[in-house]
Amino acid sequence: MKRSFLLLYVLLLVQAFDGAYCNVGGSFHCEYTNLANLHRPHSVSITEFGAVGDGVTLNTKAFQNALFYLNSFSDKGGAKLFVPAGQWLTGSFDLISHLTLWLDKGATILGSTSSENWPVVDPLPSYGRGRELPGRRHRSLIYGQNLTDVVITGENGTIDGQGSIWWDWFRNGELNYTRPHLVELMNSTGLIISNLTFLNSPFWNIHPVYCRDVVVKNLTILAPLDSPNTDGVDPDSSSNVCIEDCYIVTGDDLVSIKSGWDEYGISYARPSSKIKINRLTGQTSSSSGVSIGSEMSGGVSEVYINDLHLFNSSTGIRIKTSPGRGGYVRNVHISNLKLDNVRKAIRFQGKYGEHPDENFDPKALPSIEKITFENVYGEGIEVAGLLEGIEGDEFKNICFLNVTLTVKKKIPWKCSNIRGYSQWVSPKITCDSFKESIFPDHSSKCFGLSENNLEKSSGLSRSPWLFSW
């Protein structure tokens with residue numbers, strides 16, 4: 001009987017993740033089984049291990065002991081760790097495979113405000129050092145590596161990093177190591193993070209690195225707009241990643257796709273690919289709705305961003321890179337982008353700078369090509385596009401189709417070392433390096449054009465439809 005249940009469980013897992021990201025209409029469509037509802041045959045409450053939810057008692061040992069106990073069931077259908085309503089103060093703890101970490105309604109996991117409860121670990125091999133300081137880095141609050149089938153979910157429970165003390169240490173130059181994330185999962189597969197609220201991360205909120213088959217869904221991620229580097233979700237050297245139905249307001253990028261830093265990322269050579277971002281809403285006063293880079297030395301490709309609504313923010317979409325990065329960003333499709341009161345709608349930065357050390361090769365130039373913006377609408381925009389490539393390393397086949405922006409600046413587009421195509425764009429891209437047509441001659445050079453616009457292209461010289469939101 002037990003063997004039969006385990007076989008059924010494995011079949012469900014394979015169904016959920018094997019081939020979950022299939023090519024549909026030129027994009028990767030998120031299809032998966034909700035493992036949050038998959039029955040785990042073994043379940044315990046954190047209170048059974050002495051945890052006290054008063055917001056004062058440190059419960060690190062309780063979490064560690066509970067997970068150590070549940071690990072004995074990882075080959076018996078997996079287990080569930082139940083966190084009931086309460087304020088559960090803890091330091092960093094490790095997850096296990098075949099686990100559901102469930103935060104019930106009213107449950108909050110609180111990160112300790114003492115740095116000694118966040119262990120120091122080696123830097124990522126694709127970075128060569130901590131992201132903000134040379135040397136090592138603090139481990140995330142919830143951590144795991146070499147895992148399979150992990151679900152972090154609940155009834156809209158909360159994970160609160162209590163990051164303000166870390167922000168102060170950063171601003172005052174008092175840190176010895178790079179700040180920790182809220183969740184970091186490494187070298188893992190079959191991951192779901194859903195139906196939760198993330199608050200006040202010390203650094204990036206959710207960081208899947210060297211992972212595949214990742215679903216991030218139905219999250220609220222919040223931090224003050226002036227909090228430093230509190231990115232929402234940062235898939236890093238990871239593949240088959242789905243991020244959808246999230247509301248994010250932070251002090252940095254809502255989503256940032258990465259793949260390693262300069263010579264370390266080039267050497268490690270682990271790209272990010274097959275990433276879908278769908279139905280994302282949010283605000284950032286200093287950064288971007290979605291960025292790619294600047295750490296992209298392992299390469300980034302096959303990215304699909306659809307239904308992004310950004311308001312009262314700095315930048316809509318930003319591609320960041322620099323001489324010395326190497327790598328590539330290619331085959332990216334952004335569609336149905338709505339921007340309200342955003343200073344810069346679209347930005348390419350070819351000279352972003354920031355290097356891990358002096359050993360980078362300035363001749364290692366990135367390849368940026370085949371990036372398409374389709375169906376973009378914005379009001380209250382200051383600058384439509386700042387499109388800056390690299391001298392001697394032109395960004396190419398950048399396409400804009402059906403873009404309507406209400407722009408305040410007299411010169412809405414600025415371009416250098418970048419080349420592409422545009423059609424049905426207002427205000428018009430007047431840069432000489434952009435050809436003012438896509439159809440019929442240049443559509444093959446634009447990545448992922450929708451069938452809707454392909455069908456309507458024949459014989460049309462201006463946009464055949466107006467946006468409706």
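These numbers come from the heavy atoms of this one structure, side chains and all, not from hydrogens, waters or symmetry mates.
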Apply the test side-chain contact (heavy atoms from CB on, under 4.5 Å) to residues Ile429 and Glu436: give CA-CA distance (whole Å), side-chain angles for both, the deciding distance (0.1 Å), then the verdict. CA-CA 8 Å; Ile429 301 176; Glu436 200 179 336; over 6 Å; no
Could you tell me if the side chain of Asn417 sits less than 4.5 Å from the side chain of Asp393, heavy atoms only? no
Any chance you could measure Lys344, atom NZ, to Arg318, atom CZ, to the nearest 0.5 Å? 8.0 Å
Cut-off 3.5 Å, side chains only: do Asn156 and Asn195 have a donor facing an acceptor? no
What's the separation between atom OG in Ser285 and atom CG in Asn312, rounded to the nearest 0.5 Å? 9.5 Å
Carboxylate-amine/guanidinium contact Glu354 Arg131, below 4.0 Å: yes
Closest heavy-atom pair, Ala269 versus Pro271, reported as atoms and distance to 0.1 Å, is O-CD, 3.5 Å
Is there a donor-acceptor contact under 3.5 Å linking the side chains of Arg139 and Ser92? yes
Going through the checks in order, is the side-chain contact (heavy atoms from CB on, under 4.5 Å) test met by Glu379 and Val407? CA-CA 7 Å; Glu379 294 184 345; Val407 180; over 6 Å; no
Assess the residue pair Leu308 and Asn336 against the criterion (side-chain contact (heavy atoms from CB on, under 4.5 Å)); give the C-alpha distance rounded to whole Å, side-chain angles, the decisive distance to 0.1 Å, and a yes or no. CA-CA 7 Å; Leu308 169 63; Asn336 299 334; over 6 Å; no
Main chain of Ser237, side chain of Ser259: is a donor-acceptor contact present, judged purely on distance under 3.5 Å? no
Does the Glu132 side chain pair with the main chain of Arg179, one donor and one acceptor, at a distance under 3.5 Å? yes
So, are Arg279 and Asp307 salt-bridged, with charged N and O less than 4.0 Å apart? no
For the pair Lys351 and Glu388, find out whether any cationic side-chain nitrogen is under 4.0 Å from an anionic carboxylate oxygen. no
Expected output: side-chain Ser313 to main-chain Thr284 donor-acceptor under 3.5 Å: yes
Between Leu280 and Cys246, is there a side-chain heavy-atom distance shorter than 4.5 Å? yes
Between Asp122 and Arg137 the two heavy atoms that sit nearest each other are O-NE, 3.1 Å
N/O donor-acceptor pair under 3.5 Å between Ser297 side chain and Gly326 backbone: no
Hey, does Thr100 have a side-chain heavy atom less than 4.5 Å from the side chain of Thr153? yes
If we ignore angles and hydrogens, is there a donor and acceptor under 3.5 Å between the side chains of Tyr247 and Asn218? no
Examine the side chains of Ser291 and Asp253 and answer whether a donor and an acceptor come within less than 3.5 Å of each other. yes
Between Asp262 and Arg325 (salt bridge meaning N to carboxylate O under 4.0 Å), is one present in this structure? yes
Interatomic distance, CG@Asn229 vs OG@Ser201, rounded to 0.5 Å, equals 10.0 Å
Ile334 side chain reached by Ile371 side chain, heavy atoms, under 4.5 Å: yes
Check: Gln162 main-chain N/O paired with Asp160 side-chain donor or acceptor under 3.5 Å: yes
Below 4.5 Å, heavy atoms only, C-beta onward: do Pro366 and Ile390 meet side chain to side chain? yes
Might you point out which heavy atoms bring Thr315 and Leu310 nearest each other, and give the distance in Å? O-CD2, 3.1 Å
Test the Lys320-Tyr352 pair against the cation-pi criterion, namely NZ or CZ under 6.0 angstrom from the six-membered ring centroid and within 45° of the ring axis. yes
Short side-chain to backbone donor-acceptor contact, Ser126 and Gly265, under 3.5 Å: no
Please confirm whether the ring centroid of Phe373 lies under 6.0 Å from the ring centroid of Phe400. yes
May I ask you to decide if Asp231's main-chain N or O and Asn205's side chain share a donor-acceptor pair within less than 3.5 Å? yes
Centroid separation under 6.0 Å, is that true for the rings of His138 and Trp166? yes
Is it true that Lys217 and Glu244 make a salt bridge, defined as a side-chain N closer than 4.0 Å to a carboxylate O? yes
May I ask you to check whether Ser301 and Asn331 show a side-chain donor-acceptor distance below 3.5 Å? no
Roughly how far apart are Leu196 CG and Phe198 CZ, rounded to 0.5 Å? 5.0 Å
What is the ring orientation for Trp204 with His181, classed by angle as parallel under 30°, tilted 30 to 60°, or perpendicular over 60°? parallel
Does the side chain of Ser256 pick up a donor-acceptor pair with the side chain of Lys258 at under 3.5 Å? yes
Check: Val151 and Leu101 side chains under 4.5 Å, non-hydrogen atoms: no
What are the two closest heavy atoms between Ser97 and Ser74, and how far apart are they? O-CB, 3.9 Å
Salt bridge between Arg343 and Glu382, side-chain N to carboxylate O under 4.0 Å? no
Does Lys370 come within less than 4.0 Å of Glu302, counting only side-chain N to carboxylate O? no
Find the distance between CG (Leu185) and CG (Leu95) and round it off to the nearest 0.5 Å. 6.5 Å
Does Phe395 have Arg419 sitting over its ring (NZ/CZ under 6.0 Å from centre, angle to axis within 45°)? no
Does this structure show an ion pair linking Asp236 with Arg270, if we count only N-O contacts that are shorter than 4.0 Å? no
Tell me whether the centres of the aromatic rings in Tyr268 and Tyr127 are closer together than 6.0 Å. no
Please report the interatomic distance CZ(Phe203) to OG1(Thr178), rounded to the nearest 0.5 Å. 6.0 Å
Count the heavy atoms of every other residue, nucleotide or ligand shown that sit under 6.0 Å from CG of Asp432, and state whether that count exceeds 12. no
Arg136 side chain to Pro123 backbone, donor-acceptor under 3.5 Å: no
Could you check if a side-chain atom of Val425 sits within less than 4.5 angstrom of a side-chain atom of Trp413, using non-hydrogen atoms only? yes
Correct closest heavy-atom pair for Leu141 and Ile159 would be CD2-CG2, 4.1 Å
Of all the heavy-atom pairs spanning Ile266 and Gly324, show the shortest one and how long it is. CD1-O, 4.2 Å
Tyr210 side chain reached by Gln145 side chain, heavy atoms, under 4.5 Å: no
May I have the step-by-step check of side-chain hydrogen bond (donor to acceptor under 3.5 Å, both in side chains) for Asp252 and Ser287, ending in yes or no? CA-CA 5 Å; Asp252 211 301; Ser287 298; 3.1 Å; yes
Check whether Ser112 reaches the backbone of Ser114 with its side chain - one donor and one acceptor, N or O, closer than 3.5 Å. yes
Apply side-chain contact (heavy atoms from CB on, under 4.5 Å) to Ser322 and Gln349, showing your working. CA-CA 8 Å; Ser322 188; Gln349 276 186 281; over 6 Å; no
Taking the side chain from His333 and the backbone from Thr372, do they hold a donor-acceptor pair closer than 3.5 Å? no
side-chain hydrogen bond (donor to acceptor under 3.5 Å, both in side chains) evaluation trace for Ser335 with Asn306: CA-CA 5 Å; Ser335 61; Asn306 185 51; 2.8 Å; yes
